[in-house]
Amino acid sequence: MNEEDLVVLVERFIDCKAALFGDRRPTEVTCGYYFTRQNNLNFIRLHGLQPEQMAPGICEQGRGVHFGDGIYTSRNPEAFQGSCSDSVGLLVAIVKGKETNVTGPEPPIPDVDTVVGNMVIPQTEDSEQLGGLDECTFHDEVVLRQSAQCLPLFSFVKNGPWTYDIDGGCDNDLENIWTCHERLQGVMDLFFNEGRMVPVIRQKKPHAASQQAIESQLLARRIQQREDREAESVAMMMISPAGCAWKLVEEILFLHDELMTLDGMTNLSLAPIATDDIVFLAERFIECRMDFGTDGRPTDVTCGYHYTNQNNLDAIRQDGLLSRPERVARNVGQQTGGAYFGDGIYTGRNPQAFQNFGNVGLLVAILKGNERNVRNAEPPNPAINTVIGNKVFPKTEGHGSGRNLDDKKTYNDEVVLRTSSQCLPLFSFSMRRYTYDNGQNKDWDNIWTCHERLQGVLDRFFNEGRTLSVHRQRN
């Protein structure tokens, strides 16, 4: 470079670095490479390197602007040595300022001074994801948005393409260029980097044989990144009752499709209660659970059963299962099976005990909250959300889980939820009026399979991933 022309370019470069410092942007100066044609050198000596649209006198054959306008530099002398014929290489000082990774051209961003792209192995927009791997960054194109960010210092002529022998490193020309790079970085450190020694990592061209393995590794990383983003979006969705309700309904529909692939499931006429309408009911159920949590009441969600008649299903899809006071308030004529233990939604712990209450069975999610064992109807108690009674083996009255490992004494338990928002109907099935006979009735086995799979979904959504024990009661 001509000494007088170089002074002007150096002054402009220093002013740019000072401006970046004033804006609290990174000001570290490193070395890079730029390849051009011999007949462009006079323009570069006078004006420095310019973005293409600002330098019509420069014809950079084959370079293109895949990552937007700017000065395209590289981290090593090999990756772009063949970017144009009659090539001259330039060793340049660069100040990147604030940078970001891109996968294609983007509109100029005021607070970004440099973009880094890679057409061979595209990187993610997160600049920290794939950095530090030669295989990933060898073809990085460091695109400086302003000419003042780049200071051309040395030119060299490449005498034909170089190849890098990873074992021997025997290309003397290439070795000498890298020596120039290291020495020049030392000068940059002294003048611009407050004497700090910026690490100089010599990138090595990846073996062609390893390219497929590299791309497979990167694909695996990107898949994991996508899954992480999806998990994060799901977690954000789960924060709101509406978002959680939509996701729950999606899971229920997916579970139904999965269950229908099992042998014998078609005999049950298993079907989701609804799709769009159930979202509203699910949101109401979720809000009830949140209220219980705020009040310090139990929030475990379990599976239960409710039997009804076919002609009630449309009303259930719209309003859910309602207690008698709720039906009166909404003027809903849904049939009821009595109220021996008081008003509420009557559910069972197993699919067989109360099959005579209707010709359609429902698999429901239940939220008991505070529960109490009762022997008959009691006046409503605001502190109690669920009562459990048993006409066959009356229970001892009082607080407690109501669970007993003696199937004979709990088989006919009636779990009575005081409000409709504590019960979420999810699946309907055709009740076959069979009794259980030493595991020979396949329909009942399949219904219990649905119960177990559904409990797994409820554990993930509502029970913090804890696996609640599922005990199959037998008469």
Side-chain angles (χ1 to χ4, degrees), residues 1-3 6 9-10 13-14 16-17 26-38 40-41 44-45 48-49 60 63 70-84 87-97 99 113-118 120 127 131-144 147-206:
M1 298 290 291
N2 178 279
E3 183 176 337
L6 183 59
L9 298 181
V10 169
F13 183 80
I14 293 171
C16 176
K17 183 176 184 294
T27 59
E28 189 173 84
V29 175
T30 56
C31 292
Y33 297 86
Y34 184 92
F35 286 90
T36 187
R37 298 179 63 180
Q38 186 78 36
N40 292 326
L41 284 183
I44 292 171
R45 290 186 181 106
L49 293 167
E60 302 292 20
R63 286 189 63 86
I71 297 97
Y72 281 63
T73 66
S74 64
R75 305 180 194 273
N76 64 77
E78 296 173 81
F80 304 104
Q81 56 178 306
S83 57
C84 57
S87 271
V88 174
L90 302 180
L91 250 174
V92 299
I94 63 177
V95 56
K96 290 186 286 185
E99 62 181 292
D113 309 293
T114 300
V115 298
V116 181
N118 193 315
V120 179
S127 61
L133 298 176
D134 291 346
E135 296 89 344
C136 299
T137 60
F138 182 82
H139 291 95
D140 277 1
E141 299 186 56
V142 181
V143 185
L144 310 166
S147 59
Q149 291 175 251
C150 185
L151 176 61
L153 294 171
F154 292 110
S155 65
F156 57 89
V157 177
K158 74 181 190 71
N159 298 313
W162 301 311
T163 58
Y164 186 81
D165 185 338
I166 197 169
D167 296 319
C170 58
D171 192 314
N172 289 332
D173 288 340
L174 193 57
E175 295 292 326
N176 287 335
I177 289 175
W178 195 256
T179 297
C180 296
H181 182 131
E182 292 176 317
R183 297 288 183 88
L184 179 59
Q185 185 62 55
V187 174
M188 298 299 103
D189 291 341
L190 183 64
F191 272 82
F192 296 115
N193 300 328
E194 293 76 45
R196 290 181 295 106
M197 295 180 62
V198 174
V200 177
I201 300 174
R202 183 172 181 177
Q203 293 176 318
K204 299 176 182 179
K205 188 174 183 179

Smallest separation among heavy atoms of Ala93 and Met188, with atom names:
CB-SD, 3.6 Å
Over 60° means perpendicular and under 30° means parallel, so tell me whether Tyr33 and His181 are parallel, tilted or perpendicular.
tilted
Going by side-chain contact (heavy atoms from CB on, under 4.5 Å), Cys31 matches just one of Gln185, Arg183, Glu182. Which one?
Gln185
Is there side-chain contact between Thr27 and Phe192, with heavy atoms separated by less than 4.5 Å?
no
Cys150 versus Ile94: any side-chain heavy-atom pair under 4.5 Å?
yes
Kindly give the heavy-atom pair with the smallest separation between Val88 and Ser155, and that separation in Å.
CG1-CB, 4.0 Å
Please check if the side chain of Asp140 supplies one atom and the backbone of Asn118 the other of a donor-acceptor pair under 3.5 Å.
no
So, does Glu99 use its side chain to make a donor-acceptor pair with the main chain of Val115 at under 3.5 Å?
no
Between Ile71 and Tyr34, is there a side-chain heavy-atom distance shorter than 4.5 Å?
yes
So, the side chain of Asn193 versus the backbone of Val29: is there a donor-acceptor pair under 3.5 Å, distance only?
yes
Below 4.5 Å, heavy atoms only, C-beta onward: do Arg75 and Val116 meet side chain to side chain?
yes
Side chains of Glu28 and Thr30: does their closest heavy-atom pair fall under 4.5 Å?
yes
Heavy atoms of Gly48 and Pro152 approach each other most closely as CA-CG, 4.5 Å
Go through Lys96 and Val142 one step at a time and tell me if the side chain to side chain contact (heavy atoms under 4.5 Å, CB included) criterion holds.
CA-CA 9 Å; Lys96 290 186 286 185; Val142 181; 3.9 Å; yes
Whether the side chain of Ser74 engages the backbone of Glu141 through a donor-acceptor N/O pair (distance < 3.5 Å, no angle test) should be reported.
no
Cys180 and Leu91, any side-chain heavy atoms less than 4.5 Å apart:
yes
Interatomic distance, Leu151 atom CG to Leu90 atom CG [nearest 0.5 angstrom]:
11.0 Å
Does the side chain of Leu49 come within less than 4.5 Å of Leu144's, by heavy atoms?
no
Considering non-hydrogen atoms only, spot the tightest contact between Ile44 and Leu9 and give its length.
O-CD1, 3.9 Å
Go through the side-chain N and O atoms of Gln149 and Thr114 and say whether any donor and acceptor fall under 3.5 Å apart.
yes
For residues Leu184 and Leu153, determine if any side-chain heavy atom of one lies less than 4.5 Å from a side-chain heavy atom of the other.
yes
What distance separates Tyr72 OH from Thr36 OG1, expressed to the nearest 0.5 Å?
15.0 Å
How far apart are the closest heavy atoms of Cys16 and Val95, and which atoms are they?
SG-CG1, 4.4 Å
Which distance, rounded to the nearest 0.5 Å, do you find between the CH2 of Trp178 and the CD of Glu78?
9.0 Å
